[in-house]
Amino acid sequence: MGLFSRKKKEAFACPMTGVLHPIEEVPDPVFSEKTLGEGFAVELTGREVKAPVSGTISAAFPTGHAFGITTKDGMEILIHIGIETVALEGAGFEVKKKQGDAVKQGDVLVEVDVDYLKSQGKSVYSPVIFTGGQSVRLLKSGNVQAGDEDVIQVQ
């Protein structure tokens with residue numbers, strides 16, 4: 001590697017395992033009508049929610065249901081686990097990262113008891129929103145794994 005070689009830009013990695021859905025299918029109009037921005041959703045089946053990019057936790061709810069990550073180049077991503085899960089007051093969430101923490105892509109943000117969320121009547125559709133005005137195009141459908149890099153294209 002030369003002194004002035006450029007580092008390859010980090011690809012966005014899917015933050016969770018589950019079934020990929022267009023944002024319009026989220027059963028909450030705040031997300032499905034793109035009020036907060038473009039994105040997608042994963043119907044969560046796995047336990048871990050991971051950082052899709054490296055950056056800083058710019059927002060972290062103590063309940064563990066939502067995280068904001070800001071990358072070094074200013075991109076902001078909101079990960080909201082489930083719908084109306086704030087009402088659980090943290091039950092079913094084991095928080096691993098807090099606001100202000102630096103994260104590397106793949107770091108676990110929170111562990112989620114998916115069965116508990118469902119037993120409480122909560123949807124496990126988990127929106128991933130790009131709040132800075134980027135457009136998002138799905139590159140695949142169906143099942144996705146945390147860490148998959150070929151899921152979306154951000155423009």
Side-chain angles (χ1 to χ4, degrees), residues 7-90 92-93 95-112 114 117 122-155:
K7 205 173 171 186
K8 185 180 171 207
K9 186 173 175 163
E10 180 179 72
F12 179 89
C14 190
M16 60 197 99
T17 297
V19 181
L20 187 67
H21 292 277
I23 195 67
E24 295 84 1
E25 292 181 8
V26 175
D28 182 327
V30 169
F31 298 109
S32 63
E33 295 174 7
K34 304 178 186 177
T35 305
L36 300 174
E38 289 273 345
F40 65 97
V42 176
E43 190 174 358
L44 187 62
T45 59
R47 181 167 174 74
E48 295 179 331
V49 177
K50 298 179 177 184
V53 292
S54 298
T56 302
I57 303 293
S58 49
F61 287 78
T63 54
H65 80 284
F67 293 85
I69 298 175
T70 303
T71 65
K72 190 169 46 174
D73 59 352
M75 184 168 60
E76 297 176 342
I77 301 164
L78 170 67
I79 301 171
H80 193 284
I81 300 110
I83 302 299
E84 297 181 3
T85 48
V86 67
L88 299 176
E89 299 178 344
F93 296 91
V95 177
K96 302 294 184 182
K97 297 291 180 184
K98 63 185 183 321
Q99 187 167 336
D101 285 353
V103 291
K104 287 188 170 70
Q105 184 181 60
D107 286 353
V108 176
L109 305 175
V110 63
E111 290 183 1
V112 183
V114 176
L117 269 56
K122 303 300 178 192
S123 168
V124 294
Y125 272 69
S126 300
V128 179
I129 306 297
F130 293 80
T131 60
Q134 295 89 346
S135 65
V136 176
R137 185 170 67 95
L138 296 182
L139 299 177
K140 69 182 291 185
S141 60
N143 293 326
V144 291
Q145 298 291 316
D148 284 356
E149 293 184 353
D150 58 348
V151 175
I152 64 166
Q153 180 179 43
V154 182
Q155 301 169 328

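All of these numbers come straight from a predicted model, not from anything done at the bench.
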Run the numbers on Glu10 and Ser54 for side chain to side chain donor-acceptor pair (under 3.5 Å), then give the verdict.
CA-CA 8 Å; Glu10 180 179 72; Ser54 298; 2.8 Å; yes

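- Annotation for Lys104: atom NZ does not count as buried by contact number, only 12 or fewer foreign heavy atoms lying within 6.0 Å.
- Screening Val49, Leu109, Ile81 against Phe93 for a side chain to side chain contact (heavy atoms under 4.5 Å, CB included) leaves a single residue, Ile81.
- In terms of modelled atom types and a separation under 3.5 Å, the side chain of Glu111 and the main chain of Glu48 share no donor-acceptor contact.
- You'll find the side chain of Glu149 reaches within 4.5 Å of the side chain of Gln105, heavy atoms only.
- What you find for Pro52 and Ile69 is that their closest heavy atoms are CD-CD1, 3.7 Å.
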Show your reasoning for whether side-chain contact (heavy atoms from CB on, under 4.5 Å) applies to Val19 and Val144.
CA-CA 6 Å; Val19 181; Val144 291; over 6 Å; no

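- With a 4.5 Å cut-off on side-chain heavy atoms, Val128 and Met16 count as touching.
- Enclosure of atom CD in Glu24 by more than 12 non-hydrogen atoms of other residues, nucleotides or ligands within 6.0 angstrom is indicated.
- Atom CD of Gln134 is separated from atom CD of Glu76 by 8.5 Å, given to the nearest 0.5 angstrom.
- Across all non-hydrogen atoms, the minimal contact from Ser58 to Thr70 is OG-OG1, 3.0 Å.
- Closest approach of Ile57 and Lys98 over heavy atoms only: CB-O, 3.4 Å.
- A heavy-atom distance below 4.5 Å is found between the side chains of Pro127 and Ile23.
- The closest side-chain heavy-atom distance from Lys140 to Leu20 is below 4.5 Å.
- A heavy-atom distance below 4.5 Å is found between the side chains of Val95 and Phe67.
- Within the model, atoms NZ of Lys122 and CD1 of Ile83 stand 10.5 Å from one another, a figure rounded to the nearest 0.5 Å.
- Side-chain atoms of Ser32 come within 3.5 Å of backbone atoms of Asp28 as a donor-acceptor pair (strictly under, hydrogens ignored).
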Report the C-alpha separation of Leu36 and His80 in whole Å, then their side-chain angles, then the decisive distance to 0.1 Å, and conclude whether the side-chain contact (heavy atoms from CB on, under 4.5 Å) test is met.
CA-CA 11 Å; Leu36 300 174; His80 193 284; over 6 Å; no

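- The aromatic rings of Phe130 and Phe12 are tilted relative to each other, their planes meeting at an angle between 30° and 60°.
- Heavy atoms only, all atoms of each residue included: Lys50 and Ile79 are closest at O-CD1, 4.3 Å.
- For Glu84, the CD atom sits in a loose shell: 12 or fewer heavy atoms of surrounding residues, nucleotides or ligands are nearer than 6.0 Å.
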Side-chain donor/acceptor pairs under 3.5 Å, residues 39-47, sequence neighbours excluded:
{"residue": "Glu43", "atom": "OE1", "partner": "His21", "partner atom": "NE2", "Å": "2.9"}
{"residue": "Thr45", "atom": "OG1", "partner": "Thr17", "partner atom": "O", "Å": "3.4"}
{"residue": "Arg47", "atom": "NH1", "partner": "Val112", "partner atom": "O", "Å": "3.3"}

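- The minimum heavy-atom distance linking Gly147 with Ala13 is given by the pair O-CB, 3.8 Å.
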